[in-house]
Amino acid sequence: MTPVRPQQNTRGDTELPAALRDALARMGLVAPDESVRGTALEGGVSSDIWRVDLCSGPVCVKRALPKLKVDAEWRAPVERNRYEVAWLRAAEAIVPGAAPTVLGEDPASYAFVMACLEPGLYPLWKTQLLGGKVSADFARQVGDVVGRIHAASADRDDFAAAFRSDENFYAIRLEPYLIAAARNQPDVGDVLEALAKTTASVRRVLVHGDVSPKNILAGPCGPVFLDAECAWFGDPAFDLAFCLNHLLLKGIVVPLARDDLKRAFEALRAAYLSVVDWEPADELEARTARLLPGLTLARVDGKSPVEYLQSESDRSLVRAVAKALLARPKETLTQVSEFWWTALAS
Ligand SMILES: Nc1ncnc2c1ncn2[C@@H]1O[C@H](COP(=O)(O)OP(=O)(O)O)[C@@H](O)[C@H]1O
Ligand SMILES: [Mg+2]
């Protein structure tokens with residue numbers, strides 16, 4: 001490894017934790033024992049993530065935590081960091097620009113470094129949605145990019161071998177969402193457990209696993225996907241349902257944007273389904289339509305409730321509508337959407 005010149009890194013609020021500084025040194029990005037300052041980034045619950053301004057430009061260094069920063073006891077294998085790096089690289093190769101470039105990896109500390117995208121140019125999609133700025137065209141691009149990553153990886157043995165992360169996916173997705181919600185809502189427990197079982201049994205495409213607006217930057221050339229710790233070779237319905245769920249839930253807290261959210265939902269759905277070529281699109285849509293209300297309920301009664309549903313009346317409304325959909329599943333996502341928006345309006 002070529003010796004690194006000390007950076008005189010003085011920007012940033014705080015001294016970088018030693019473990020992260022050592023990881024940067026092992027990756028050859030700073031000199032050993034160099035003091036490095038950085039700024040902790042907020043928003044995540046599962047990792048330590050810092051911005052560091054190197055002479056070569058700003059980078060983000062991210063390290064997986066063994067226990068997540070949520071109220072419920074939720075531990076996750078730190079090996080997930082490896083799957084995140086592999087997903088970011090794969091996505092960038094399939095759709096250039098769809099993920100930040102990975103600049104280094106330190107398997108010893110479960111840390112990696114990626115290009116840091118400037119918040120001014122790359123705002124968080126979640127911030128836009130909660131502010132009532134809902135672009136159907138951006139939602140269309142999200143559906144298109146997720147669909148293209150699924151299509152390019154579908155039924156490929158190399159992806160199946162590289163993302164054999166079933167245990168990780170169960171520990172950080174299926175258990176804390178569907179199984180935890182099943183424990184809290186026993187009247188629909190069987191349905192939720194069956195949904196988890198079906199999802200776990202489908203192994204078709206490279207799934208991101210956390211396609212949430214808080215992990216999507218609205219860049220000038222389209223969406224940039226972050227936070228791929230849940231990456232898994234599995235059921236495409238999970239990514240589609242997970243993302244559409246957020247558009248439904250935002251309608252509770254941003255009522256003035258309901259028509260725009262409905263249009264965005266439809267744009268994302270249509271763009272995604274138009275690139276499905278590995279299985280009949282109507283079968284995938286029906287599977288997603290059954291899973292979606294399970295994930296909706298999980299965002300109230302699972303281990304990672306959305307923080308913006310504060311009032312008990314909002315949570316009761318979500319529970320009632322999700323349970324009605326679980327009891328009488330719809331065949332299409334448009335029917336789920338119609339049912340949801342009609343129930344919210346009444
Ligand atoms: N490469 C990046 N460029 C700019 N901001 C980033 C980058 N990676 C993460 N962030 C910011 O940090 C937040 C947390 O990062 P994320 O990877 O989602 O961590 P966690 O797994 O803890 O949720 C993101 O929501 C985003 O605002
Ligand atoms: Mg995140």
Side-chain angles (χ1 to χ4, degrees), residues 11-14 16-17 20 23-24 27 29 38-54 56-70 74-89 91-92 96-105 109-131 142 165 168-169 171-173 176-177 208-232 239 242-243 245-246 299 303-308:
R11 290 183 60 184
D13 314 339
T14 322
L16 201 67
L20 289 177
L24 282 175
M27 287 181 254
L29 293 168
T39 307
L41 296 181
E42 287 181 7
V45 295
S46 65
S47 303
D48 271 338
I49 174 157
W50 289 68
R51 176 189 168 125
V52 179
D53 286 276
L54 300 175
S56 54
V59 299
C60 289
V61 52
K62 179 171 179 180
R63 186 171 60 136
L65 297 170
K67 180 180 176 328
L68 276 58
K69 301 174 221 165
V70 292
W74 178 354
R75 292 183 173 275
V78 279
E79 289 72 25
R80 65 190 191 274
N81 197 261
R82 177 161 69 83
Y83 296 115
E84 170 158 24
V85 172
W87 188 93
L88 295 173
R89 288 189 168 131
E92 170 73 0
T101 305
V102 175
L103 302 170
E105 190 182 0
S109 64
Y110 302 104
F112 73 96
V113 172
M114 62 188 141
C116 187
L117 301 164
E118 289 298 339
L121 262 184
Y122 292 84
L124 211 53
W125 192 27
K126 176 177 179 176
T127 312
Q128 293 188 337
L129 293 176
L130 287 177
V142 170
S165 50
N168 190 49
F169 192 77
I172 59 183
R173 295 290 91 167
Y177 285 78
H208 175 283
D210 200 358
V211 185
S212 156
K214 77 173 161 47
N215 292 326
I216 299 176
L217 302 176
C221 300
V224 182
F225 293 80
L226 308 169
D227 204 1
E229 296 184 318
C230 308
W232 169 57
D239 274 350
F242 200 88
C243 189
N245 188 29
H246 283 275
R299 294 325 292 254
K303 285 186 183 173
S304 180
V306 284
E307 82 292 352
Y308 51 80

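In each ligand, atom 1 is the first atom listed, and ligand 1 is the first ligand listed.
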Just how far is it from atom [atom1] of [X] to atom [atom2] of [Y], taken to the nearest 0.5 Å?
X: I216; Y: L129; atom1: CD1; atom2: CG; answer: 9.0 Å
X: C116; Y: L41; atom1: SG; atom2: CG; answer: 6.0 Å
X: L130; Y: H246; atom1: CG; atom2: NE2; answer: 10.5 Å

- prompt: Taking the six-membered ring for Trp, are W232 and F169 parallel (under 30°), tilted (30 to 60°) or perpendicular (over 60°)?
  reply: parallel
Give the contacting part of [X] toward ligand 1: side chain, backbone, both or neither, where contact means a heavy-atom distance below 4.0 Å.
X: K214; result: backbone
X: R51; result: neither
X: S47; result: both

Are any of the N/O atoms on [X], whether in the backbone or the side chain, positioned under 3.5 angstrom from an N/O atom of ligand 1?
X: L117; value: yes
X: A115; value: yes
X: E84; value: no

message: For a distance under 2.8 Å, tell me if S47 has an N/O/S atom near the Mg ion (ligand 2).
response: no
query: Does D227 bring an N, O or S atom to within less than 2.8 Å of the Mg ion (ligand 2)?
result: yes
statement: With sequence neighbours left out, the residues meeting side-chain contact (heavy atoms from CB on, under 4.5 Å) with P100 are L88, M114, L117, V224, L226
query: Can you find a non-hydrogen atom of K126 under 4.0 Å from ligand 1?
result: no
task: Mark up the atoms of ligand 1 that fall under 4.0 Å of a heavy atom belonging to C60, in ascending order.
output: 1 (N), 2 (C), 3 (N), 7 (C)
task: Run the numbers for me: atoms of ligand 1, each under 4.0 Å from some heavy atom of P100, listed by number.
output: 1 (N)
message: Which residue is it: K62, E105, E79? I am looking for the one with a side chain to side chain contact (heavy atoms under 4.5 Å, CB included) to Y110.
response: E79
query: Less than 4.5 Å apart, any side-chain heavy atom of P305 and any of R299?
result: no
query: Going by an N to O cut-off under 4.0 Å, is there a salt bridge joining E229 and R173?
result: no
- prompt: Just going by heavy-atom distances, which of V59, N215, V113 is nearest to atom 18 (O) of ligand 1?
  reply: N215
